[in-house]
Amino acid sequence: MAAVELEWIPETLYNTAISAVVDNYIRSRRDIRSLPENIQFDVYYKLYQQGRLCQLGSEFCELEVFAKVLRALDKRHLLHHCFQALMDHGVKVASVLAYSFSRRCSYIAESDAAVKEKAIQVGFVLGGFLSDAGWYSDAEKVFLSCLQLCTLHDEMLHWFRAVECCVRVSLCSPGCRVSVYISKAGQKLSSPPEPSECWGNSICKSGATSLCLQRAGTNDVLYHWLLHVRNGNCKYHLGEETFKLAQTYMDKLSKHGQQANRAALYGELCALLFAKSHYDEAYKWCVEAMKEITAGLPVKVVVDVLRQASKACVVKREFKKAEQLIKHAVYLARDHFGSKHPKYSDTLLDYGFYLLNVDNICQSVAIYQAALDIRQSVFGGKNIHVATAHEDLAYSSYVHQYSSGKFDNALFHAERAIGIITHILPEDHLLLASSKRVKGFLYVALAVLDSLCRPGWPRTQRSTCLRLPSAGIKALILEEIAIDCHNKETEQRLLQEAHDLHLSSLQLAKKAFGEFNVQTAKHYGNLGRLYQSMRKFKEAEEMHIKAIQIKEQLLGQEDYEVALSVGHLASLYNYDMNQYENAEKLYLRSIAIGKKLFGEGYSGLEYDYRGLIKLYNSIGNYEKVFEYHNVLSNWNRLRDRQYSVTDALEDVNSSPQSTEEVVQSFLMSQNVEGPSC
């Protein structure tokens, strides 16, 4: 069965035999453990199908058993089903396995090299699985234990200890990049392992400790893994320390005549800097990661670098580059892993991010939904990957239905994201901040758009298209719900809840990123919108000005984020403070930035045009009123034509370019344009 298949349909006779073994599970338990890993897994999967989770949990909580099950590579997605079901059932199998492995490492610290080598390989596979499954804290514990074993000997031999099957960071002799495959006995294999064997740093089907070594340093790979899980768990300060330590090891290797391929490591650094809103630095390192893409790198590494580079291009408003990179990543992931694989869903989420930021909102919703469907089918339950997909879909749905005020779908997904995250993460976790934030926005909007209380109240420009944590998404949604509320008491309750969510999100952002950061600025801007809804106009003005000042200093005068905050301040001046001259200047500035970045059909222009119509009506300039009514009509016709585009995945089912051509095209554009940072 291919690894990408989710259906489990063995032969009838075989299935009957498996069922017979399961029926006699208690008597056969020891014998089951001696079966080949594929058959042993099928027995455990039958336990899962029959709902016998306590018995399954007792098996999977034993490190030796689970390490063997991990060898059944073509059952990996089904293993995710079983694993998640146990976690949802209350069996803390991830923590138990991480603790067991950590204790084993402490016991064997003084053992011979072969024993430690075997433990490290088990740790790579176990930690990789836990990371792929989204249990980052437990994965981090496993990798730290591996690292302790790796650093016991400060010798070249240990720097070059081979990595199971898939090498994330490859080391090459100067002037050549030759892949060398080494078996347990140290003999070269005639050919590399099959791609399915190399996915996820998994143990090879043969059961022998076959090592796929592109002359890779074990510590380098460990640091890459640590950086990955710390990024995923929002431990950004530890991520920075991890990268510095990785650089130290690479420098030591360089002094011994070895040159590292650092594509994966640089890609993870790009992700770290992107998450911290250090966009110039993220872009710089994505360029460096792209330079490291060479023939022979695992497809997973290539896909992840392309994804990160695309997102870095989006925030730098290099949309053509971003489009080429993410579309090729989607194509590679689907072609190599299949349409039901979590790596394919990763690329779809980033493709949705690109579509949302280029104002292709309707299609972004469809892409986010497809990604969520894949993650639910693979992981299901209360899983962090499912939560982040709900979160992205919540925000894109909020943007899509912004003009209509129908936020039921957005609120549903925001609530689901928050429900999952609060179940598995601490209440002060940064991922929770964004879902609450968007929900708060929706509550405010439903309160403020009560036409009986506030005739003519505008729906201003929506919030940022950059990814928000869960608390922030919920706050956004709550604002919008509050706008449409016709009950004063309900309105005030929703606004207060949104206020609490926004303040909580702001504090989490300041703690994680500091005051002078784009994420923090966005939270100030959201508070400004909220205070406007609460009719605290001076406080609203103060928040909007603070957001604009931070964004201008970090992003420049003509960035999309700046335009959003400028538009919000214009709305405040226009609708509530009667500062029409200031409002007009700000509207025109926002329009100019929007047109420059996205063209005449940019969706956000609607709110600026409507604001100007109201403004000119208020001051009696009816010639301008007529002019902008015509502009708005032309804008509507343009939007109708743009929405006629069909399936966003149609043009990524095949790629007209090879990976090498995509990389070279990107790098050549850098040479033509010169440094961007």
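Computed over heavy atoms, backbone and side chain alike; hydrogens, waters and symmetry mates excluded. All values reported here derive from a predicted model rather than from experimental measurement.
- Under the 4.5 Å side-chain criterion, counting only non-hydrogen atoms from C-beta, Tyr44 is not in contact with Cys82.
- Counted by atom type alone, Ser397 and His413 present zero donor-acceptor pairs between their side chains at under 3.5 Å.
- By the 4.0 Å N-to-carboxylate-O rule, Lys343 lies close enough to Asp346 to be salt-bridged with it.
- The two residues Ala394 and Ala414 make their nearest non-hydrogen contact at CB-N, 3.5 Å.
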- Query: Would Glu62 and Arg33 satisfy salt bridge (charged side-chain N to carboxylate O under 4.0 Å, His left out), going step by step from the backbone distance to the final call?
  - Reply: CA-CA 11 Å; Glu62 294 195 28; Arg33 297 184 180 187; 2.8 Å; yes

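- The shortest distance between side-chain heavy atoms of Ile293 and Val305 falls below 4.5 Å.
- When each of Arg375, Lys340, Gln376, His385 is checked for a side chain to side chain donor-acceptor pair (under 3.5 Å) with Ser345, only Arg375 meets the rule.
- In this structure, the side chains of Asp335 and Val299 stay at 4.5 Å or more apart for every pair of heavy atoms.
- Here Phe83 and Phe60 keep their ring centres 6.0 angstrom or further from each other.
- Atoms CD and CG, on Gln40 and Asp31 in that order, are 11.5 Å from each other to the nearest 0.5 Å.
- Cys146 places a side-chain heavy atom less than 4.5 Å from the side chain of Phe101.
- Rounded to the nearest 0.5 Å, atoms CG (Leu47) and OG (Ser58) are 8.5 Å apart.
- Residues Thr347 and Val303 are in side-chain contact: their nearest non-hydrogen atoms beyond the backbone lie under 4.5 Å apart.
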- Query: Does the pair Phe379 and His81 meet the rule for a side chain to side chain contact (heavy atoms under 4.5 Å, CB included), with working shown?
  - Reply: CA-CA 6 Å; Phe379 301 108; His81 293 330; over 6 Å; no

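- Looking at Ser102, its side chain never comes within 3.5 Å of a backbone N or O of Ala98 through a donor-acceptor pair.
- Salt-bridge check for Asp112 with Lys118: failed, with every basic side-chain N at 4.0 Å or more from each acidic carboxylate O.
- To the nearest 0.5 Å, atom NZ of residue Lys68 and atom CG of residue Asn38 are 10.0 Å apart.
- Checked against the 6.0 Å centroid criterion, the rings of Tyr48 and Tyr45 qualify as a close aromatic pair.
- Between Leu35 and Val43, the shortest heavy-atom contact is CD1-CG2, 4.3 Å.
- Remark: aromatic rings of His341 and His77 are close, center separation under 6.0 Å.
- For the atom pair Tyr344 OH and Tyr351 OH, the distance stands at 9.5 Å (nearest 0.5 Å).
- For the pair Asp42 and Lys75, the salt-bridge criterion is met [side-chain N within less than 4.0 Å of a carboxylate O].
- Closest heavy-atom contact between Val365 and Leu393: O-CD1, 3.6 Å.
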- Item | Lys382 and Asp88: CA distance, side-chain angles, deciding distance, salt bridge (charged side-chain N to carboxylate O under 4.0 Å, His left out) verdict | CA-CA 6 Å; Lys382 293 179 171 59; Asp88 291 343; 5.7 Å; no

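- A salt bridge is defined here as a Lys NZ or Arg NE, NH1 or NH2 lying under 4.0 Å from an Asp or Glu carboxylate O, and Arg29 with Glu59 meets this definition.
- Using a 4.5 Å heavy-atom cutoff, the side chains of Leu144 and Glu140 are in contact.
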- Message: Between His89 and Leu56, is the side chain to side chain contact (heavy atoms under 4.5 Å, CB included) condition met? List the steps.
- Response: CA-CA 11 Å; His89 190 62; Leu56 180 63; over 6 Å; no

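- The environment of OH in Tyr99 is sparse: at most 12 heavy-atom neighbours from other residues, nucleotides or ligands sit within 6.0 Å.
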- Apply the test side chain to side chain contact (heavy atoms under 4.5 Å, CB included) to residues Tyr368 and Glu391: give CA-CA distance (whole Å), side-chain angles for both, the deciding distance (0.1 Å), then the verdict. CA-CA 10 Å; Tyr368 279 134; Glu391 183 181 300; over 6 Å; no

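- Looking at every heavy atom in both residues, Gly127 comes nearest to Ala139 through O-CB, 3.6 Å.
- Judged by distance alone, the side chain of Asn383 and the main-chain N or O of Ala133 form a donor-acceptor pair under 3.5 Å.
- Residues Arg52 and Val22 form a side-chain contact, since some pair of their non-hydrogen atoms from C-beta on lies under 4.5 Å apart.
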- Pair Ile420-Ile384, side chain to side chain contact (heavy atoms under 4.5 Å, CB included): steps then yes or no: CA-CA 7 Å; Ile420 295 171; Ile384 192 65; 5.8 Å; no

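- In summary, Glu64 and Arg71 do not engage in a salt bridge, as defined by a charged side-chain N under 4.0 Å from a carboxylate O.
- Ile18 CD1 to Ile39 CD1: the interatomic distance, rounded to the nearest 0.5 Å, is 6.5 Å.
- The heavy-atom pair separating Leu325 from Ala309 by the smallest distance is CD1-CB, 3.7 Å.
- If you look at His80 and Phe129, their ring centroids are closer than 6.0 Å.
- Without hydrogens or angle criteria, Ser310 side chain to Arg307 main chain gives no donor-acceptor distance under 3.5 Å.
- Side chains of Leu79 and Phe66 form a contact here, defined as non-hydrogen atoms less than 4.5 Å apart.
- Interatomic distance, OG of Ser364 versus CG of Leu348, reported as 12.5 Å (0.5 Å rounding).
- Listed for the Ser19 side chain is a donor-acceptor partner under 3.5 Å among the backbone atoms of Asn15.
- Residues Val96 and Cys61 come closest through the heavy atom pair CG1-O, 3.6 Å.
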